[in-house]
Amino acid sequence: MKRFKKMFFMMVSLLSVLILLLAGCSAPKGASESDSKKDSSGPMKIGLVTQLSGGGALYGNLMKQGAQLAVDQINAKGGVDGRKLKLLAEDDQANPSESVKVTQRMVSDENIDAWIGTLKSSDTITDIGITAKKNIPSFVPVAVADNVTDSGLNNVYRNVAKNSMQITEMVNYILKEQPHKKMAIIAENTDYGRNIVKIFSEQFEKDGRKITNKELYNVGQKDFNNQLTKIKASKPDSVLIAGLVAEGALIAKQAKQLGINQQLYSFGGFMGKQPMELGGSAVNNLIHTDYFVPTAKDEKTQSFVNDFNKKYGQIPDSYYSAATYDAVYLYADAVKKAGTSDPEKVNKVLHELKDEHTVMGDITFDKNGQAATKVWISQIQDGKQVGIYHAE
Amino acid sequence: MTEFIQIIVNGMANGALYALIALGLTLIYGVMNLSNFAQGEFAMIGAFGTYFLMQMHMNYMLAIILSFIIAGLIGFVIHILAFHPLRKSEPLNMMLSSLGVSVFLVNLSQYLFSPNPKVVSNSFSEKSIQAFGVFLSEQRILIVIVSLILCGFTYWLLERSKFGRSVRAASLDPDTATLYGIPTNRIAFLTFIFGVALTGIAGGLTAPIYNVYPTMGISLTLKAFVVVVLGGMGNIPGAIMGGFIVGLIESFSAGYISTAFQDVIVFSALFLVLIIKPEGILSKVQGEKV
């Protein structure tokens, strides 16, 4: 008995130490104030900070390939005002402290002219805090959390729709094209999931339409039978999965095994090939939002897809490459228009852009630097992603 | 009514799995006095074993049986490296060592196999059986059956066999047991290997429903600890009962209170047990540990 109590207290104290250790990984202090003269005749340096090793490396490398393609194309045409572009891509391991370190080094040692990054919204927010000190034009092509462009910084540009936009597009699509009156939501218990529950419910619950369930699960959870049993009992017309693909694919599988055969919906997490690999036949017919459809009948999209395929031997099937490719072009064109790489003037040009036609759609940055790009509605049909709808 | 029965079925199916993992944990605690924080990682090893064997076109059932052996073998190596040298020191040292083993195994498998989830599909994994609107996937039925068999076998092994008598003697009083000629070190070795091999099978069994990835074991370790504390540390029938109780608490709290709070309620039950009956709810039934 005594021994047991002793063991228990040891276990508890050990666990608390572990938690403290995990929580203690904080970011280092902000930018140092070292200033060095910019070289205005050498190449313009574009810093790309993203995950190039570990789990998200697949997506980070897609970003790098997109950026490299744009840089090579621009250089092949003689660069911008006679100056070449140079891409500096560095790995941040999707780790906030590493991301800040890499960005800081690029800003103070490499004197980058423009910054592009990252895979994760939380890392992006801390990084743009550093680039903002020198007003370096900073592009956010991939991270979609709303608050990235809420910080009021004058040098940040996001050329992909933010999260709340994809939720609105999904509601609009369902109201317009689908007959559902009762929907159930199963959401991950994070800001991302809870935000979807809130915004989706507010916009969907009108004219007698109802959300029957708002069930939450934890990221990393593997068993969803309890949530799905509740959903099944309230007999919704369709089910919305507000989470990413690792859990989402399991949810789709376990739903089928519980006899839930209703239409499934989800968001950007279901882009690309992963859902089919993880969910197999269970994700067939699932409808989700997407930022990029390689088969879209748009000249810019088709020439990007062709050039990408020629260089890397594969079709870019999600937005990571396309949006990063666009970011390089947006910067290069702005420098051309400004006639200088001086950050003040480039930022001014970028804020004044109007309906700039890119792969991701027509770009106009609002005062926070957010662009309203296309959101597609795609469906998984027999193991392929098919774009089925997008608002005009 | 259908929902009520489905909730019970869900709880029992998950409970069978928890019981199987907790069984290994409680066995190891009983004999070695070790709170093995790396227990869940052996489920991960079993799951990866099953995945790679099936990539080589091996039959699923055979792959599961081999995953028992693979987890056991790796358990053997780890016991020699991480636990055997510490057998005479404070229990805290062994526990810290097990935490190290856990972190090591997770990182090693992330390095070797990447963190991306891998899919194991067998002939059961997509199918369910159905009765009166209640669904249960065939894979979960398999888990329940295998778990019950292994729980029964372990109970028999400890209560009726010569090996079991030695294990019980070693756990009650190692010094006296040694005097009576029981090789306590070897018993500790075998118990550890058997304990982690049981968990390896559990990993192979869950692979088709939960996918396979390096961090999959961490949540299983936590659940197993709840079960073991609930049933009484080192108490075999306690671990089996505890598994089903935790499964049912989970499914009922999710079904009738809130899915967001199911873990909160499970861990609150743990705290209640620790305050009211810290020796475990089954201590009256089976006073003796292992």
Side-chain angles (χ1 to χ4, degrees), chain A residues 1 3-15 17-18 53-58 94 186-187 189 193-194 213-218 220-234 245-247 249-250 253-260 274 276-282, chain B residues 2-3 6-7 9-11 13-14 17 29 33 35 37 91-92 95-96 99 110 114-119 121 125-128 130 133-140 206 209-211 213 215-216 218-220 225 229 232-233 250-255 258-263 274 278-280:
Chain A
M1 184 53 227
R3 190 174 68 177
F4 171 76
K5 264 194 177 160
K6 209 173 140 197
M7 284 301 288
F8 174 70
F9 281 118
M10 278 195 292
M11 266 162 55
V12 169
S13 44
L14 212 66
L15 277 177
V17 168
L18 267 183
S53 66
L58 171 68
I186 175 166
N189 198 357
R194 285 167 173 269
N213 298 69
K214 298 172 181 175
E215 306 300 339
L216 297 174
Y217 64 85
N218 294 324
Q221 194 171 321
K222 299 178 279 260
D223 199 289
F224 306 93
N225 266 1
N226 295 334
Q227 283 84 351
L228 292 167
T229 299
K230 263 179 115 171
I231 286 177
K232 195 185 170 200
S234 47
V245 70
E247 287 88 13
L250 287 179
K253 272 187 175 175
Q254 292 176 19
K256 291 279 179 301
Q257 287 168 359
L258 268 181
I260 298 175
Q274 259 207 321
M276 286 78 96
E277 284 165 8
L278 294 177
S281 63
Chain B
T2 319
E3 191 191 357
Q6 182 78 59
I7 287 173
V9 169
N10 291 347
N14 279 339
L17 174 68
Y29 179 80
N33 204 9
S35 302
F37 276 97
L92 177 67
M95 189 169 72
L96 285 172
L99 262 176
Q110 274 179 341
S114 98
N116 296 336
K118 316 246 178 319
V119 179
S121 47
S125 56
E126 304 276 307
K127 279 179 257 159
S128 297
Q130 181 196 356
V134 176
F135 285 69
L136 187 60
S137 77
E138 290 180 357
Q139 182 65 29
R140 285 177 203 263
T206 54
I209 14 182
Y210 295 158
N211 293 340
Y213 51 95
T215 50
M216 66 184 287
I218 294 165
S219 59
L220 292 175
F225 266 101
V229 171
M233 300 287 279
E250 234 178 39
S251 66
F252 272 96
S253 49
S258 157
T259 45
F261 283 114
Q262 68 178 43
D263 282 351
L274 282 172
E279 64 277 23

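Everything numeric here is computed off the predicted structure, so don't read it as measured data. Sequence lines set the chain letters: A, B, ... in the order given, protein chains first and strands last, and positions in each chain run from 1.
- With a 4.5 angstrom heavy-atom cutoff, Glu277(A) touches chain B only via backbone atoms.
- With a 4.5 Å cut-off on non-hydrogen atoms, Gln262(B) touches chain A through its side chain but not through its backbone.
- Only the backbone of Ser258(B) comes within contact range of chain A, with heavy atoms under 4.5 Å apart.
- A donor-acceptor pair shorter than 3.5 Å can be found between the side chains of Asp263(B) and Asn218(A).
- When each of Gln254(A), Gln274(A), Lys214(A) is checked for heavy-atom pairs under 4.5 Å with chain B, Gln254(A) comes out on top.
- Heavy-atom pairs under 4.5 Å with chain B were tallied for Thr229(A), Leu250(A), Asp223(A), Ile186(A); the largest tally goes to Asp223(A).
- Remark: the backbone N or O of Leu216(A) is paired with a side-chain donor or acceptor of Thr259(B) at under 3.5 angstrom.
- Both the backbone and the side chain of Lys230(A) come within contact range of chain B, with heavy atoms under 4.5 Å apart.
- For chain B, the option among Gln221(A), Lys256(A), Lys253(A), Gln227(A) with the highest count of heavy-atom pairs below 4.5 Å is Gln227(A).
- Of the listed residues (Ala233(A), Gly259(A), Gly280(A)), the one with the most heavy-atom contacts under 4.5 Å to chain B is Gly259(A).
- Between Ser137(B) and Gln257(A), the closest heavy-atom pair is CB-OE1, 3.6 Å.
- Using a 4.5 Å cut-off between heavy atoms, Ser251(B) touches chain A through backbone and side chain atoms alike.
- Separating the OH atom in Tyr213(B) from the CG atom in Leu278(A) is a distance of 11.0 Å, to the nearest 0.5 Å.
- Residues Lys222(A) and Thr206(B) have side chains not in contact (no heavy-atom distance under 4.5 Å, counting atoms from C-beta outward).
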